[in-house]
Novice: 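Here's a structure for you.
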Amino acid sequence: MLTLITGGGGFIGSHLATYLFDETEDDILLLDDFSTGNPENVSHLIDHDRVELIQGDVIETGTIEPLVERSDRVFHLAAAVGVQRIVDEPLRSMRTNLVGTENVLEAAVDDRTPVFIASSSELYGKSEDVPFAESDDRVLGPTSSLRWSYASAKAIDESLALAYHRDHDLPVAIGRYFNIVGPRQTGQYGMVIPRFVEQALANEPLTVYGDGTQTRSFTHVADAVRATYELLTTPEAHGEVINIGAPDPTSINALAERIIELTGSDSDITHIPYEEAYNENFEEPQQREPDVSKLEATLGWYPSTDLDRILLDIIEEREQAVVPE
Ligand code: NAD
């Protein structure tokens, strides 16, 4: 079995590669352009015969087509990710997230190669009707606010995948990730936990965007990759959109306080307006919480690693990175 992971040098992709390496006999192809990913993320795997790492772009059909055609299944995780990157490079981001996905689906048609599509809780937008179920309406802001281009592109990706499933009987599983976090995630692209942990370890103020009452549900990456793998290998999940997330929300203020406690930091918490953080007419959803009943009905479980365990895993990793041996 040859499995392709696009975005395999990224945060979730590298954990998924490790999971496949440990839990299956698969040979593993990793494609990444390293725009936000890093070969270091998979350095523990690439010396093994079962793993091949290729630098390339999912937008380039000459690159992606032959890789999909060689593969027996595909996890399509490559995307322009993170609010900061979407705002800074809107056109390149949209092309990656739209053209890249269509390329993967189109290349999978002939052999009806199963494809997992990584979607996002961003699709629910500003809806306040928590918890969010897959069949709920979406509430997005105007196109003039660039952050919504990511949600729009991911929505089209889902629609494309569902259309390929209907018209070509392509086995697709679509997972909507909710704030997946864990070791190897970079703070550089606007991910809140690694940013707070790095600030706390440096005894610098933790910068909360907005008033900090906004809530998020955080999901350990180990839970997310197991769900990802099981969804693609569960035929009942094909042609379905399924939330991948943990149901317990926390406010960003509470998150900052807990990180200060767990790191024993002297940091304070400061609040800055979104406009200052992102330099534009920015909107941030107030609440994010998944309804996990469809995931539980499909797989028989849902992610439940508690927040302290998640935070301690990330703190431990960052401490090792900053304290020389
Ligand atoms: P990530 O940035 O670490 O992973 C994305 C990877 O795709 C990176 O390695 C990047 O270099 C690569 N990439 C980007 N453009 C590419 C291109 N044109 N060609 C080839 N590779 C390219 O982020 P992640 O958190 O691991 O995200 C993985 C997937 O999960 C993405 O599709 C993202 O939209 C989705 N997602 C993640 C979260 C989360 O909480 N982490 C939430 C919702 C959705």
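Every heavy atom of this structure was used, including side-chain atoms; hydrogens, water molecules and symmetry mates were not. If you're wondering where the values come from, they're calculated on a predicted model, not measured in any experiment.
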Novice: Which atom pairs, donor and acceptor, lie under 3.5 Å between side-chain atoms of residues 236-244 and protein residues at least two apart or in another chain?
Specialist:
| from | atom 1 | to | atom 2 | distance (Å) |
| --- | --- | --- | --- | --- |
| H238 | NE2 | L232 | O | 2.9 |
| E240 | OE1 | K294 | NZ | 2.8 |
| N243 | OD1 | Y124 | OH | 2.7 |
| N243 | ND2 | F132 | O | 2.8 |
| N243 | ND2 | D291 | O | 3.0 |

Novice: Are the side chains of E128 and Q286 in contact, using a 4.5 Å heavy-atom criterion?
Specialist: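 Counting from C-beta outward, Q286 and E128 do come under 4.5 Å.
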Novice: Run the salt bridge (charged side-chain N to carboxylate O under 4.0 Å, His left out) test on E52 and R70 for me, step by step, so that the C-alpha distance in whole Å, both residues' side-chain angles and the decisive distance to 0.1 Å come before the verdict.
Specialist: CA-CA 13 Å; E52 188 183 347; R70 271 171 68 193; 3.4 Å; yes
Novice: With ring centroids as reference points, do Y19 and H15 lie under 6.0 angstrom apart?
Specialist: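 Y19 vs H15: aromatic centres not under 6.0 Å.
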Novice: Looking only at heavy atoms, which two atoms of H165 and L170 are closest? And how far apart?
Specialist: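 Minimum heavy-atom contact is ND1-O, 2.8 Å.
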Novice: When you measure from the side chain of T18 to the backbone of S14, do you find a donor-acceptor pair of N or O atoms at a distance under 3.5 Å?
Specialist: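 Yes.
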Novice: Are R92 and D33 ion-paired here, with the side-chain N under 4.0 Å from a carboxylate O?
Specialist: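 The answer is yes: the pair qualifies as a salt bridge.
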Novice: Any side-chain to backbone donor/acceptor pair from T6 onto L77? Under 3.5 Å, distance only.
Specialist: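 Side chain of T6 to backbone of L77: a pair is present.
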Novice: Hey, quick one: are L123 and I180 part of the same hydrophobic cluster, counting side-chain heavy atoms closer than 4.5 Å, chains of contacts allowed?
Specialist: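 L123 and I180: separate clusters.
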Novice: Please report the C-alpha distance between K154 and E158 in whole Å, then the side-chain angles of each, then the deciding distance to 0.1 Å, and finally whether the salt bridge (charged side-chain N to carboxylate O under 4.0 Å, His left out) criterion is met.
Specialist: CA-CA 6 Å; K154 288 285 183 182; E158 290 194 3; over 6 Å; no
Novice: Tell me, please, whether F178 has R216 positioned over its six-membered ring: NZ or CZ under 6.0 Å from the ring centre and within 45 degrees of its axis?
Specialist: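 Here R216 fails the 6.0 Å and 45° test against F178.
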Novice: Is the side chain of Q214 donor-acceptor paired with the backbone N or O of Y209 at a distance under 3.5 Å, no angle test?
Specialist: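 At least one qualifying donor-acceptor pair exists.
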Novice: Taking I59 as the starting point, is it possible to reach Y150 by hopping between hydrophobic residues whose side chains are less than 4.5 Å apart?
Specialist: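 Each belongs to a different hydrophobic cluster.
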Novice: Flag yes if more than 12 heavy atoms outside D167 fall under 6.0 Å of its CG atom; otherwise flag no.
Specialist: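 Count over threshold, so yes.
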Novice: Would R147 and E122 pass as an ion pair if we require N to O under 4.0 Å?
Specialist: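 Looking at R147 and E122, the cut-off is met.
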Novice: Would you say I28 and I12 are hydrophobically clustered, going by side-chain heavy atoms of ILVMFWY under 4.5 Å?
Specialist: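 I28 clusters together with I12.
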Novice: Let's go through D248 and L307 carefully: what are the C-alpha distance in whole Å and the side-chain angles of both, what is the deciding distance for side chain to side chain contact (heavy atoms under 4.5 Å, CB included) to 0.1 Å, and is it a yes or a no?
Specialist: CA-CA 9 Å; D248 295 320; L307 184 61; over 6 Å; no
Novice: By the definition side-chain contact (heavy atoms from CB on, under 4.5 Å), identify the one residue from L311, V192, L201 that meets it with I259.
Specialist: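 Running side-chain contact (heavy atoms from CB on, under 4.5 Å) over L311, V192, L201 with I259 returns exactly one hit, L311.
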Novice: Which distance, rounded to the nearest 0.5 Å, do you find between the CG of L4 and the CD1 of I54?
Specialist: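 Answer rounded to 0.5 Å: 7.5 Å.
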Novice: Taking the side chain from H220 and the backbone from I310, do they hold a donor-acceptor pair closer than 3.5 Å?
Specialist: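 No, H220 side chain to I310 backbone: no donor-acceptor pair under 3.5 Å.
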Novice: Flag the pair Y177 / S121 as yes when at least one side-chain heavy-atom distance between them is below 4.5 Å, and no otherwise.
Specialist: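 A side-chain contact under 4.5 Å is absent here.
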Novice: Find out whether F11 and T36 are in side-chain contact, i.e. whether some heavy atom of one side chain is under 4.5 Å from a heavy atom of the other.
Specialist: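 Not in contact.
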Novice: Say whether T3 and R73, considering side chains only, have a donor N or O and an acceptor N or O under 3.5 Å apart.
Specialist: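 The answer is yes; a qualifying pair exists.
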Novice: Would you find more than 12 non-hydrogen atoms of other residues, nucleotides or ligands less than 6.0 Å from R166 atom CZ?
Specialist: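 Check fails, neighbour count at 12 or below.
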Novice: Classify the side-chain pair Y229/T24 by whether it contains a donor and acceptor separated by less than 3.5 Å.
Specialist: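 On atom types as modelled, these side chains do not qualify, holding no pair under 3.5 Å.
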Novice: Kindly say whether G9 contributes a backbone atom to a donor-acceptor pair with the side chain of D32 at under 3.5 angstrom?
Specialist: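 Yes.
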Novice: Between Q287 and S127, is there a side-chain donor-acceptor contact under 3.5 Å, judged purely by atom types and distance?
Specialist: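 Judged by distance alone, the side chains do not pair up.
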Novice: L30 and L2: same hydrophobic cluster, using ILVMFWY side-chain contacts below 4.5 Å?
Specialist: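 No.
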Novice: State, yes or no, whether a side-chain contact exists between S93 and D88 at a heavy-atom distance under 4.5 Å.
Specialist: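 Contact flag for S93/D88 side chains = no.
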Novice: Between the side chain of R318 and the main-chain N/O of V197, is any donor-acceptor distance below 3.5 Å?
Specialist: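 Absent.
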Novice: Within the side chain of S265, is there an N or O that forms a donor-acceptor pair under 3.5 Å with the backbone of I260?
Specialist: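 Not a single qualifying donor-acceptor pair exists.
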Novice: With distance as the sole test, does N38 use its side chain to make a donor-acceptor pair with the main-chain N or O of E40 at under 3.5 Å?
Specialist: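 Side chain of N38 to backbone of E40: a pair is present.
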Novice: So R184 and E317, salt bridge (charged side-chain N to carboxylate O under 4.0 Å, His left out) or not? Walk me through it.
Specialist: CA-CA 8 Å; R184 294 206 283 274; E317 181 209 34; over 6 Å; no
Novice: Please evaluate residues I5 and L31 with respect to the criterion side chain to side chain contact (heavy atoms under 4.5 Å, CB included), reporting the C-alpha separation (whole Å), side-chain torsions for both, the decisive distance (0.1 Å), and the verdict.
Specialist: CA-CA 6 Å; I5 305 175; L31 174 72; over 6 Å; no
Novice: Donor-acceptor check, side chain of N203 to backbone of D266, threshold 3.5 angstrom: yes or no?
Specialist: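 Yes: the side chain of N203 pairs with the backbone of D266.
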Novice: To the nearest 0.5 Å, how far apart are CD1 in I46 and CG in L53?
Specialist: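 CG of L53 is found 5.5 Å from CD1 of I46.
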Novice: Could you tell me whether the side chains of Q199 and S267 share a donor-acceptor contact shorter than 3.5 Å?
Specialist: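 Short answer, no.
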Novice: Would you mind checking if D308 and R258 are paired as a salt bridge, meaning a charged N to carboxylate O distance below 4.0 Å?
Specialist: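 Looking at D308 together with R258, the answer is yes, because their closest N to O distance falls below 4.0 Å.
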Novice: Considering only residues two or more places apart or on different chains, which pairs with a residue in residues 97-109 satisfy side chain to side chain donor-acceptor pair (under 3.5 Å)?
Specialist: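 Listed by first then second residue: H76-T101, T101-D157, E106-Y164.
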Novice: When you group the ILVMFWY residues by side-chain heavy-atom contacts below 4.5 Å and let the links chain together, are I117 and M94 in the same group?
Specialist: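 Same hydrophobic cluster.
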Novice: Checking the side chain of D306 only, and the main-chain atoms of R309 only, is there a donor and an acceptor separated by less than 3.5 Å?
Specialist: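 At least one qualifying donor-acceptor pair exists.
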Novice: Side-chain contact test, heavy atoms from C-beta onward, threshold under 4.5 Å: evaluate it for T143 versus W148 and give yes or no.
Specialist: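 No; the side chains remain at least 4.5 Å from each other.
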Novice: Working note: T298 + L231, criterion side chain to side chain contact (heavy atoms under 4.5 Å, CB included); need CA distance, chi angles, decisive distance, verdict.
Specialist: CA-CA 8 Å; T298 309; L231 286 178; 4.2 Å; yes
Novice: Could you walk me through whether D57 and T63 pass the side chain to side chain donor-acceptor pair (under 3.5 Å) test, one step at a time?
Specialist: CA-CA 7 Å; D57 190 335; T63 301; over 6 Å; no
Novice: Does either side chain, that of T213 or that of D211, offer a donor lying less than 3.5 Å from an acceptor on the other one?
Specialist: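 Side chains of T213 and D211: pair found under 3.5 Å.
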